[in-house]
Amino acid sequence: MSPAAVIEFAIPEISLRDFDTRKNQIAADLDIACHGIGFFYLVDHGIPQELIDEAFTLSKKFFDEPLEEKEKYLLGPNNQGYSAFGGQVLDRKRKVPDSKEAYNILMLPNNSAFESPHHPLFREYKLLIQRFGDSAMDVVYKIMRLLALVLDVPENTFVSLFGGKDGSHNGTFRALHYPPVEEEEVEDELENGVIRCGAHSDFGTLTVLFTEPDGPLGLQVLSPLTNKWEWIPSKPGALLINISDIIEFETRGYFLSTLHRVAPAPGPDRRRRRYSIAFFTQPDRTTIIKPIRGSKRLDNFAMEEAKRAKMEREVKKARGDSATFVEDVVRRWKKAGTENIADGGITVQDWIQSRVNGTYNFA
Ligand SMILES: O=C(O)CCC(=O)C(=O)O
Ligand SMILES: [Fe+2]
């Protein structure tokens, strides 16, 4: 039996209980989760369930609005507002439009205002969205401090990415709605690869995903352990957190920004509507992101990776394909239109914009 066949896929569960006294233990758990899969459930996170419920109520209210009302706030190159069905093509390989609708709101860290005009419902519930965003950021900052602890670099290494001058790319609140899949559509989805939300990795640093506790199946990750698309069910009381591209880049692939997608669920779940809320975290636009220096853990990893890559290259050469994992990561970054990659660094603005421009078909 090959080793892969005996690896069981499971998303690790991490608890923030007794945070101050269990920091090292939690960091060790995070190391396994973020180096191994890039996704984990977070429990004892401290975000009140009522707040999450209220955000879902607001999201459903918005998606129930007539299409012409929603379309008054269509998402443009600034990545804010309403993205209608088919408006986004996240799967760059297969170029199949997503059958979902979504609404993005960029948060300002000083809570003073939304950056763009928004639908009246979101304006009315601005305080709720801000409270929601603030509590998600609190969790994200805690995780980022622990990730720094794992790497043995200054505790504020990741958090300080958020302290720049511009102060406007702090978090994006994104409400998502996937309507039920029709029976004949399922056949079509399976045959033609139409998917609810195409395979992608997230652009920012960390993403917090909120799903309804009894919500239908939908999310899948391409597991680095089994190399298969694996379902990730909602877990009552747990948030789902994933490493995103900026942290993968900064750690030279040590923490994984794993591909994921939303697929039609098997069985009766496919007839159920799915709502989710993703909270993306992006540093200020002017922040330069570049690989972290001074971490023995990362240097060791890079060295091991280089050795492994060399071997892999030999094997691949024999098979007539020369790209290695590390080369793939670098190639992915370069291909995304990041001409301004200088001294191994790129601004958040250039990175995020290249990803946004690459995944939407703007009218
Ligand atoms: O709706 C979901 O469960 C996932 C959404 C997602 O991955 C995204 O918007 O980046
Ligand atoms: Fe995502």
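Atoms within a ligand are numbered from 1 in the order they appear, just like the ligands themselves. These numbers were taken from a predicted model, which means no experiment stands behind them. For this chain, numbers begin at 1 and follow the sequence in order.
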Drop me the distance from Ile129's CD1 to Leu121's CG, to the nearest 0.5 angstrom.
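Result: 9.0 Å between the selected atoms.
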For Asp299, what residues pass the side-chain hydrogen bond (donor to acceptor under 3.5 Å, both in side chains) criterion, not counting sequence neighbours?
->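 side-chain hydrogen bond (donor to acceptor under 3.5 Å, both in side chains) check on Asp299 returns Arg252.
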Strictly under 6.0 Å, is that where the ring centroids of [X] and [Y] end up?
X      : Y      : value
Phe203 : Phe280 : no
Tyr275 : Phe56  : no
Tyr103 : His177 : no

*Should the proximity of Arg261 to ligand 1, defined as any heavy atom under 4.0 Å, be assigned to the side chain, the backbone, both, or neither?*
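Arg261 to ligand 1: no contact under 4.0 Å from either part.
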Is it the side chain, the backbone, both or neither of Thr211 that has a heavy atom closer than 4.0 Å to ligand 1?
->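 The answer is neither; Thr211 stays 4.0 Å or more away.
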Q | Within 6.0 Å of CG in Asp138, more than 12 heavy atoms from elsewhere | A |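 Yes, CG of Asp138 has more than 12 neighbouring heavy atoms, counting only those of other groups under 6.0 Å.
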Check whether any heavy atom of His200 sits under 4.0 Å from an atom of ligand 1.
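Distance cut 4.0 Å: His200 passes for ligand 1.
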Quiz item: Is there a heavy atom in Arg274 that sits closer than 4.0 Å to ligand 1?
Solution: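 In this structure, Arg274 qualifies as a contact of ligand 1 - some heavy atom is under 4.0 Å.
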### Task
Check all N, O or S atoms of Asp202 and name the one closest to the Fe ion (ligand 2).
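Result for Asp202 and the Fe ion (ligand 2): OD1.
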* Asked: Would you call Lys61-Asp64 a salt bridge at under 4.0 Å N-O?
  ->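 Salt bridge absent between Lys61 and Asp64.
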**Request:** Would you mind checking if Glu65 and Lys70 are paired as a salt bridge, meaning a charged N to carboxylate O distance below 4.0 Å?
**Result:**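 Result for this pair is no, no salt bridge flagged.
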Using the Fe ion (ligand 2) as the vertex, how large is the angle between NE2 of His200 and NE2 of His260, rounded to 10 degrees?
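If I round to 10°, I get 90°.
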Any idea which atoms of ligand 1 are less than 4.0 Å away from a heavy-atom of [X]?
X      : result
Ser276 : 1 (O), 2 (C), 3 (O)
His260 : 7 (O)
Leu176 : 1 (O), 5 (C), 9 (O)
Phe280 : 8 (C), 9 (O), 10 (O)
Tyr178 : 1 (O), 2 (C), 4 (C), 5 (C)
Val262 : 1 (O), 2 (C), 3 (O), 4 (C)

Next on the checklist: I want to know if ligand 1 touches Asp202 in the polar sense, i.e. an N/O pair below 3.5 angstrom.
Outcome noted: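 There is such a contact, yes.
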Side-chain donor/acceptor pairs under 3.5 Å, residues 209-216, sequence neighbours excluded:
unit_1 : atom_1 : unit_2 : atom_2 : d
Thr211 : OG1    : Ser234 : OG     : 3.1
Glu212 : OE2    : Lys60  : NZ     : 2.7

